[in-house]
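These numbers come from a predicted model, not from an experiment. Just so we're on the same page: letters track the sequence lines, and every chain starts at 1.
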Number of protein chains: 2
Amino acid sequence: MTTISDGEEIVFEQPCPIRDVLDRIGNQWSLLILEALAPGTLRFNALMREIGDISKQMLSRTLKQLEQDGFITRTLYPEVPPRVEYALTDLGRSFLEPMQQLVAWAESHHRAIVEARTRYQANPEQR
Amino acid sequence: MTTISDGEEIVFEQPCPIRDVLDRIGNQWSLLILEALAPGTLRFNALMREIGDISKQMLSRTLKQLEQDGFITRTLYPEVPPRVEYALTDLGRSFLEPMQQLVAWAESHHRAIVEARTRYQANPEQR
DNA sequence: CCGTATCCACTTCGATACTG
DNA sequence: CAGTATCGAAGTGGATACGG
């Protein structure tokens, strides 16, 4: 498993592809960022607004990860004030499809899950 | 996630379905357990052996979550020694499909991701 | 055999203040 | 505008010992 302390050296040592990929994109922020970038390029603060309740620290960290893993590109325009644009790469776009399948599943089965939880709580039998 | 509607009343929304679902099954253990149960019913220790490097505490916790969310069933046979069998529910099985799409994506793009990381480390330009 | 309880190390995340 | 540095709070996961 990899650790991501700020800017420190990062060691890759993950034999299992599924674990490796899911460690990175399995968290809510990565998915939400990729979704936000699906329609097109966005700037840092635009992403903040789009996602809503992410701190800029988490946004910054997660963007760096996604860039590092090749899901997005970061383009700096050396203007004043600076402008930075984030966009999906081909790899990032290719990930959108399985991801949206998952999102669709989540949406259509969310009610069933909530109901299962309610049932579980209602029946504290031999637990 | 909280939203502030006009005025100052704070509304606690039902969590976003995607976040809700991903918080539960987004971790490696849940996915690995569901994969392990895909071929059929398994007992606790069989699951331990199948997954390999999970502690029984994490296995126990994650199984309980999955049961609570309706992905799996837990059947206790009151024998001596006790026997407990875990199996997928219909909901759990229905999740297998989008999940395996994701797994397939992870496997076929893992190399590209690793290469992207290598490139990133090799080019510490304006970072 | 199938767990739970307890304790502890390690991460992760958010808030805040600061920089170019 | 687009971040980074620092700090503390909260969460997560493992090891171990014990219970049914």
Side-chain angles (χ1 to χ4, degrees), chain A residues 1-11 19 22-33 36-37 41-68 72-87 124-127, chain B residues 1-2 15 19 22-33 36-37 41-68 72-87 124-127:
Chain A
M1 208 163 320
T2 57
T3 45
I4 348 134
S5 30
D6 275 311
E8 289 300 316
E9 186 183 355
I10 298 165
V11 182
R19 290 196 192 193
L22 261 113
D23 274 2
R24 300 310 186 93
I25 51 75
N27 69 80
Q28 51 176 326
W29 299 132
S30 296
L31 283 221
L32 290 173
I33 290 172
L37 288 176
T41 297
L42 281 180
R43 301 176 61 172
F44 188 87
N45 280 347
L47 270 168
M48 286 271 293
R49 282 188 299 273
E50 194 69 25
I51 296 175
D53 56 346
I54 188 173
S55 69
K56 47 186 191 172
Q57 179 124 188
M58 278 316 295
L59 181 56
S60 178
R61 287 178 187 172
T62 312
L63 283 171
K64 203 179 284 181
Q65 271 203 2
L66 290 173
E67 185 198 358
Q68 179 175 354
I72 64 174
T73 57
R74 177 185 181 277
T75 311
L76 166 66
Y77 297 89
E79 308 167 354
V80 181
R83 178 162 57 103
V84 181
E85 292 193 340
Y86 294 91
E125 299 123 29
Q126 65 275 52
R127 284 194 295 268
Chain B
M1 192 189 322
T2 65
R19 291 196 191 192
L22 263 114
D23 276 1
R24 299 310 186 95
I25 52 74
N27 69 80
Q28 52 178 320
W29 300 132
S30 296
L31 283 222
L32 290 173
I33 290 173
L37 288 176
T41 296
L42 282 179
R43 301 175 60 173
F44 189 87
N45 280 348
L47 270 168
M48 286 270 294
R49 282 188 298 274
E50 193 70 24
I51 297 175
D53 56 346
I54 188 174
S55 70
K56 48 184 188 173
Q57 194 170 100
M58 278 317 295
L59 181 55
S60 177
R61 287 180 189 171
T62 312
L63 284 171
K64 200 178 288 182
Q65 271 207 356
L66 290 174
E67 185 198 358
Q68 179 174 356
I72 63 174
T73 57
R74 175 184 183 277
T75 311
L76 166 66
Y77 297 89
E79 309 166 353
V80 180
R83 179 162 58 102
V84 181
E85 291 193 340
Y86 294 92
E125 299 124 28
Q126 65 277 50
R127 284 195 295 270

ask   = In whole Å, what is the span from the CG atom of A:Leu76 to the P atom of D:dA2?
value = 10 Å
task = Nearest whole angstrom, please: distance from the C1' of C:dC13 to the CZ of B:Arg19.
result = 13 Å
task = Could you state the atom-to-atom distance from CD of A:Glu85 to C1' of D:dG3 in whole Å?
result = 16 Å
query = Got a second to check how far B:Thr75's OG1 is from B:Arg43's CZ, nearest 0.5 Å?
reply = 12.0 Å
remark   = Rounded to whole Å, CD1 of A:Ile33 lies from P of C:dC13 at a distance of 11 Å
Residue B:Tyr86, side-chain heavy atoms: nucleotide from C:dC1, C:dG3, D:dG3 that is nearest = C:dG3
query = For the residue pair A:Asp53 and B:Arg19, what are the closest heavy atoms and their distance?
reply = OD1-NH2, 3.2 Å
message = Please pick, from C:dG14, D:dG3, C:dG3, the nucleotide with the shortest atom-to-atom distance to any side-chain atom of A:Arg61.
response = C:dG14
ask   = OP1, OP2 of C:dC2 versus side-chain N and O of B:Asn45: anything below 4.0 Å?
value = yes
ask   = What's the CH2-C1' distance between A:Trp29 and C:dT12, to the nearest Å?
value = 12 Å
ask   = How close or far is atom P of C:dG3 from atom CD of B:Glu67, stated in whole angstroms?
value = 10 Å
task = Check whether any side-chain heavy atom of A:Phe44 sits under 4.5 Å from a side-chain heavy atom of A:Lys56, and report yes or no.
result = yes
task = Verify the contact: side-chain N or O of A:Arg43 to OP1 or OP2 of D:dA2, cut-off strictly under 4.0 Å; return yes or no.
result = yes
query = Is any side-chain heavy atom of A:Leu63 less than 4.5 Å from a side-chain heavy atom of A:Arg74?
reply = no
key: Residue that, paired with B:Glu85, satisfies side-chain contact (heavy atoms from CB on, under 4.5 Å) out of B:Thr73, B:Thr41, B:Leu42   = B:Thr41
ask   = B:Gln65: what forms a side chain to side chain donor-acceptor pair (under 3.5 Å) with it, not counting sequence neighbours?
value = none
task = To the nearest 0.5 angstrom, please state how far the CD1 atom of A:Ile54 sits from the CZ atom of A:Arg49.
result = 14.0 Å
request  = Under 4.0 Å from any atom of DNA chain C, heavy atoms only: list the residues of residues 48-60 of chain B that qualify, in numerical order.
outcome  = B:Lys56, B:Gln57, B:Ser60
inquiry  = If I take atom NZ in residue B:Lys64 and atom P in nucleotide D:dG13, what distance separates them, rounded to the nearest angstrom?
reply    = 15 Å
ask   = Looking for any heavy atom pair under 4.0 Å, which part of the strands does B:Tyr77 touch: base, sugar-phosphate only, or nothing?
value = nothing
task = Whole angstrom is fine here: how far is it from CD in A:Gln65 over to P in D:dT4?
result = 13 Å
